[in-house]
Amino acid sequence: MRSGLPQTGDLRRRGVTAPAITDQAGPSPRPVRVRIAPSPTGYFHVGGARTALYNWAFARQHGGVFVLRIEDTDTERNKEEWVQGILDALRWIGAEWDEGPYRQSERRALYDESVDRLWAAGALYACDCTREAVLARTKDNPTPGYDGHCRERGLERGPGRALRFAVPDDGVTVVHDLVRGDVEFSNSTIEDFVIVKSNGDPLFVLAVVIDDRDMAISHVIRAEEHLPTTPKAVLLWGALNETGPAVDLPAFAHLPVLVNAKRQKISKRRDRVALEDYEADGYLPEAMANYLSLLGWSPPGGEELFSLDDLVREFRLENVNHSPAFFDNQKLLHFNGLYIRSLTPEEFTRRARAWAAAVHHPLGIELYSSPQWRELAPLVAERVATLADVPAYVEFLFGDSFEIEPASYEKAIAKDAEAGAILSEMRSRLGAVSAWAAEVLKSELEAIAEAHGRKLGKTQAPVRVATLGRTVGLPLFESLEVLGRDETLRRLDAVLAAVS
RNA sequence: GGCCCCAUCGUCUAGAGGCCUAGGACACGACCCUCUCAAGGUCGAGACACGGGUUCGAAUCCCGUUGGGGCUGCCA
């Protein structure tokens, strides 16, 4: 067994200096405050989890604060159950927040107040264009998007009228990105975007900017899909600074997105990527966190297995990759197996038990406190990739539910001309054996194998299938030792009766 | 279409102009170990998208092409 797998904290260093975050964040050092801002419109997925992990690690590394903010401005699509799912997922993966959860739906007054200020300063204008009308006007336009139709119409604010931000006609807005460097956007390519819906509700762009200002967010670390809307936020931020208290713009860091096998951005409805599904499928949160952290970043020492403590110590935004990463379940599975094997027998038992209880497996959780389990646990851990695999390995211990897999029976007993003889000899030898111990059982079968001129591997197959039910599984003799003499003989007899 | 981002083995990545005959991990193949299956060990196959520059020297810097992705909503 690999020693101390998840505990190893001794990643090889490569002369990494302390992160100079103040250089990028602005002229004066400011307390690190990061946030994750999920919207409760579906399951919390692995991409969100990785973003959370990086934010969390960054905050920890700098002695900062990790804020959780629920972006529920879209009242049509939000569901309360999703909020709970987000909280559970963050706790499970180990990225626990320090502040919040705040909800944008409870901060409406703040947005309204800022909108009033922007309106009074002339930064906004009212617009009553329908989407259809805009589309009709701009369909031949080389730069589609809103055409500024209402900009000079001098419409008053009111029901049925959205509020748009008047983007400067020329100039360039640059986004300083810690991962990608400076990204420039010509203002002429940015449309006059809506910040308040015609029903008066604030939109995401507005709420995000106001909240980030209000919460003194120092670093915005989020998925790359947000990069194209960032110049809008920067522009809005500037206007807010002019009409009210000046707040430093946060530093931005846009992480590469996670993609599926078709290299499309992972989506909640298209891909099965909900964090809670992985939990239910028997993945360990520490394995998941480790694997996820490796998607888009790697530690300087190159060691792939590391703990969250290591992540906190080694993580650097500057070392985050630029290109999308495919979520490879095969590798996750491998990591999960490694982590399972690194668990102490007690801890493995605790996890396996909790998992079995959580899914209401028919085996019943009392198995996990039995002496039989204690014997077999290390042998099981060596063979499983997820905790969900555990029950199948110990099913044979349950007399009630014991049954022989047809395919295994066919292969190892029905098609083996000597199977009947081997089983019968084994039955009589085991009936007479003095001590019921794995070593003894093994030597009995070895004697039979020799008599038949067969290899032990081939000779054990019929016995295995008759007593354990399948051609594959835990080591035979250890299993029989735990099964006990009575039950072993009973099963041999049952098969013998059927063969003759 | 427009804007933006990206480009090293099948996949995740190392690579900061000479340390590269391009390293590691997953997956794959072979072998060893072995009572099955695993686990573990050894070995192997496998990549710098293409074309131009810059340079004594380019996976690394610049430009272009191609390809992929994201955004383009009164969603987030």
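Residue numbers start from 1 in every chain, and the chains themselves are labelled A, B, ... in the order their sequence lines are given, proteins ahead of strands. The figures here come from the full heavy-atom set of this structure, side chains too, leaving out hydrogens, waters and symmetry mates. It should be emphasised that the depicted structure is a prediction, and the values quoted were computed from it without experimental measurement.
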Lys411(A) atom NZ, neighbour heavy-atom count above 12 within 6.0 Å: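 Open.
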I'd like to know whether CZ of Phe326(A) has more than 12 heavy-atom contacts from other residues, nucleotides or ligands below 6.0 angstrom.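 Yes, enclosed.
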Nearest to the side chain of [X], which nucleotide is it out of [options]?
X         : options                   : result
Glu191(A) : rC5(B), rU72(B), rA39(B)  : rU72(B)
Arg464(A) : rC35(B), rA76(B), rC12(B) : rC35(B)
Phe185(A) : rC35(B), rC3(B), rU36(B)  : rC3(B)
Phe477(A) : rA27(B), rC35(B), rU36(B) : rC35(B)
Arg77(A)  : rC71(B), rC75(B), rG73(B) : rC75(B)
Val257(A) : rA76(B), rG69(B), rC6(B)  : rG69(B)

Does Arg454(A) pair with Asp416(A) as a salt bridge, N-O distance under 4.0 Å?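 So Arg454(A) pairs with Asp416(A) through a salt bridge.
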Less than 4.0 Å between a side-chain N and a carboxylate O, is that true for Asp212(A) and Arg35(A)? yes
Can His226(A) be classed as stacking with the base of rA76(B), given a centroid separation cut-off of 5.5 Å and a plane angle cut-off of 30°? yes
Counting just side-chain N and O atoms, does [X] come under 4.0 Å of either OP1 or OP2 of [N]?
X         : N       : value
Arg164(A) : rG73(B) : no
Thr73(A)  : rA76(B) : yes
Lys455(A) : rU36(B) : no
Asn321(A) : rA14(B) : yes
Lys197(A) : rC75(B) : yes
Ser298(A) : rA14(B) : yes
Lys442(A) : rC35(B) : yes

Hey, is the side chain of Thr229(A) pairing donor to acceptor with the base of rC71(B) inside 3.5 Å?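 No pair found.
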Write down the partner of rC26(B) under the Watson-Crick or G-U wobble criteria, each distance required to be under 3.5 Å. rG10(B)
Go ahead and name the base partner of rU55(B); Watson-Crick or wobble counts if both distances stay under 3.5 Å, otherwise write none.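 Partner of rU55(B): none.
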Using the [atom1] atom as the reference point in each nucleotide, state the distance between [N] and [M] in Å, no decimals.
N       : M       : atom1 : answer
rA27(B) : rG46(B) : C1'   : 12 Å
rU66(B) : rC19(B) : C1'   : 33 Å
rU60(B) : rC50(B) : P     : 10 Å
rG67(B) : rA49(B) : P     : 16 Å
rC48(B) : rG2(B)  : P     : 31 Å
rC74(B) : rG53(B) : P     : 48 Å
rG29(B) : rA38(B) : P     : 11 Å
rU21(B) : rG64(B) : C1'   : 31 Å

Distance-only side-chain donor-acceptor flag, Asp211(A) / Tyr102(A), under 3.5 Å: no
